[in-house]
2 protein chains.
Amino acid sequence: MARRGSYAKGVAKREEILDAALEVIAREGYRKTSVREIAAAVDLSQAGLLHHFASKDELFTEVLRHRDEVDTANASADPEARLIDTFPVVVRHNSAVPGLVQLYVSLSAEAPDPMHPAHKFFTERFDRFRGELAEEIQDGQREGEFNPDLDPELAANSLLALTDGLQTQWLLNPALDMASHLEATIDSWRSNPKS
Amino acid sequence: MARRGSYAKGVAKREEILDAALEVIAREGYRKTSVREIAAAVDLSQAGLLHHFASKDELFTEVLRHRDEVDTANASADPEARLIDTFPVVVRHNSAVPGLVQLYVSLSAEAPDPMHPAHKFFTERFDRFRGELAEEIQDGQREGEFNPDLDPELAANSLLALTDGLQTQWLLNPALDMASHLEATIDSWRSNPKS
DNA sequence: GTCTATATTCAGATAGAC
DNA sequence: GTCTATCTGAATATAGAC
């Protein structure tokens, strides 16, 4: 499978680092986490860790990308599942991982800088999700599930924005129920059968 | 008016610093802005500036608080105006001040840390706005303006979250029209007269 | 691939004079 | 209220050995 032992080892170490980084951030908070600390958690020196990643910012961005890939892989297990339905589920799941949410929110705040590795990541992420959601909404409109007055793209953006904003509020106040807010909004988009 | 010349001067300098800080952040981005840089913009040394503020984090938090106070004062000029109506207007206005939005998003990402001065600021801000918005929505429901099925508090939270999330997206892509997204959501809450 | 050691850079905070 | 000077403390990144 691995072309050489060292290649497989490099990949394994990389994943180990990504997992450890998430754990340290969860414990220490994003702002106070240094590369050194993450290195210590995987028994590497700081320099040893940076052999695997170009910079601290890239490392942190890769943690997010890795998590997205895991989530996407899980979702693909059921090809029937629509993004718009899994959204509240994923968010509910995130509630167990405040460190991940903190990382997401912090990096998205830094992403406007075009030089930051998170810039590309978030731009592409928004584009992909917006497109997919808008398509699902449009399909739903054709089948009478969603209100035909909705602007699909605008609704898709709004759902993404709502999700991000809820995460910020939830970090401040973990009693907030993110999933129920999302569900209420999505429900309000459904065609109302009672009129 | 001023009890002593020095008092008035101190207040004036404080405001000058807050304005300058915003301007520097707009130019340099939040992450790369140091207290030294802001000090230079108002012809002070770094130590001279920190005579007016306890720390960098407090300074930045005060910039936001100051801007909120200005906005609130403007809104009070018309006591008829509801928060829910002025929201899209303020957001439209913010589109002219990316630095402010960047600061807001960055600090809200750091606010989960209870030791950070922004923690108290954002907690109180959310509480205040949520309460006020929920009340306006309830009033609107009584008068038949808003859909009676809405949960006022949940809708209030959602509007705040949507606003925050749109700002994140807009920083990444300034072509996004935040105000129209907000208006579409608020409109969807109105009682539909055509049924 | 990993380490040690260090270069670099820089920041926020504080002491004490004026 | 403001300055100069300095402390203190980091943290990232890199060079070069093993």
Side-chain angles (χ1 to χ4, degrees), chain A residues 2-21 24-25 27-63 103 106-107 109-110 113 115-119, chain B residues 1-21 24-25 27-63 103 106-107 110 113 115-119:
Chain A
R3 297 187 331 193
R4 299 217 193 98
S6 59
Y7 176 73
K9 187 181 173 193
V11 169
K13 197 74 190 175
R14 217 184 120 97
E15 299 238 327
E16 187 191 345
I17 292 169
L18 293 175
D19 288 341
V24 174
I25 292 162
R27 207 173 49 233
E28 307 288 333
Y30 164 74
R31 207 189 179 199
K32 288 174 200 137
T33 299
S34 64
V35 173
R36 259 184 185 80
E37 230 172 327
I38 298 169
V42 291
D43 284 309
L44 277 185
S45 70
Q46 184 239 15
L49 191 155
L50 283 185
H51 169 76
H52 298 272
F53 299 92
S55 69
K56 177 194 178 176
D57 288 339
E58 201 213 86
L59 163 60
F60 284 162
T61 304
E62 288 305 308
V63 173
L103 178 63
S106 298
L107 279 193
E110 293 177 7
D113 176 357
M115 287 300 110
H116 197 295
H119 183 79
Chain B
M1 6 214 101
R3 297 189 331 194
R4 297 216 195 98
S6 59
Y7 176 73
K9 188 181 173 194
V11 170
K13 197 72 191 180
R14 218 185 118 95
E15 301 238 325
E16 188 191 344
I17 292 169
L18 293 175
D19 289 342
V24 174
I25 292 162
R27 207 174 48 234
E28 306 288 333
Y30 163 76
R31 207 188 178 200
K32 288 174 201 137
T33 299
S34 63
V35 173
R36 266 185 180 82
E37 229 172 327
I38 298 169
V42 291
D43 283 309
L44 278 184
S45 69
Q46 183 237 18
L49 191 155
L50 282 184
H51 171 75
H52 298 272
F53 300 90
S55 69
K56 176 195 180 177
D57 288 339
E58 201 212 85
L59 163 60
F60 283 161
T61 304
E62 286 306 306
V63 174
L103 177 63
S106 299
L107 279 193
E110 293 178 7
D113 175 357
M115 289 298 112
H116 196 293
H119 183 78

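Each chain gets a letter, A, B and so on, in the order its sequence line appears, and its residues count up from 1.
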### Summary
Side-chain contact check for B/Ser45: nearest option of D/dT2, C/dT14, D/dT4 is D/dT4
### Message
Heavy atoms from C-beta onward define the side chain here; which of C/dA13, C/dT2, D/dT2 lies closest to that of B/Ser55?
### Response
C/dA13
### Message
To check you understand the geometry: which heavy-atom pair defines the closest contact between A/Leu107 and A/Ala118, and what is its length?
### Response
O-CB, 4.1 Å
### Task
To the nearest Å, give me how far apart CD (B/Glu16) and C1' (D/dG1) are.
13 Å
### Query
Which residues within residues 29-41 of chain A lie with some heavy atom under 4.0 Å of an atom in DNA chain D?
A/Ser34, A/Val35, A/Arg36
### Query
Taking the side chain of B/Leu44 as its heavy atoms from C-beta onward, which of D/dC3, D/dG1, C/dA5 lies nearest to it?
D/dC3
### Message
Taking only side-chain N and O atoms of B/His51, does any of them lie within less than 4.0 angstrom of OP1 or OP2 on D/dT2?
### Response
no
### Query
D/dA13 C1' sits how many Å from A/Phe53 CZ, rounded?
16 Å
### Summary
Note: B/Val24 and B/Ala41 closest approach over all heavy atoms is CG2-CB, 4.0 Å
### Message
Looking at every heavy atom in both A/Thr33 and A/Lys56, which two are closest together, and how far apart are they?
### Response
O-NZ, 3.4 Å
### Message
Please report the distance, rounded to the nearest Å, between CD in A/Glu58 and C1' in D/dA13.
### Response
14 Å
#### Entry: CZ on A/Arg14 to NE2 on A/His51, rounded to 0.5 Å
11.0 Å
### Message
Using a distance-only criterion (donor-acceptor N/O pair, under 3.5 Å, no hydrogens), is the base of C/dA13 paired with the side chain of B/Gln46?
### Response
yes
### Query
What's the shortest heavy-atom distance between B/Phe60 and B/Ile38, and which atoms?
CE2-CD1, 3.5 Å
### Message
Without decimals, in angstroms, what is the distance between B/Phe60 CZ and C/dA11 P?
### Response
11 Å
### Summary
Separation between CZ (B/Arg36) and CG (B/Leu44), nearest 0.5 Å, reads 13.5 Å
### Query
Contact class for B/Asp43 (heavy atom, under 4.0 Å): base, sugar-phosphate, or nothing?
sugar-phosphate
### Query
So, is B/His52 near the phosphate of D/dT2, with a side-chain N or O under 4.0 Å from OP1 or OP2?
yes
### Query
Closest to the A/Leu50 side chain: C/dT2, D/dT14, D/dC3?
D/dT14
### Query
Rounded to the nearest 0.5 Å, how far apart are NE2 of A/His119 and CG of A/Asp57?
14.0 Å
### Query
Rounding to a whole Å, what distance do you find between A/Lys56:NZ and C/dT9:P?
19 Å
### Query
Atom CG of B/Leu49 to atom C1' of D/dT2: distance rounded to whole Å?
11 Å
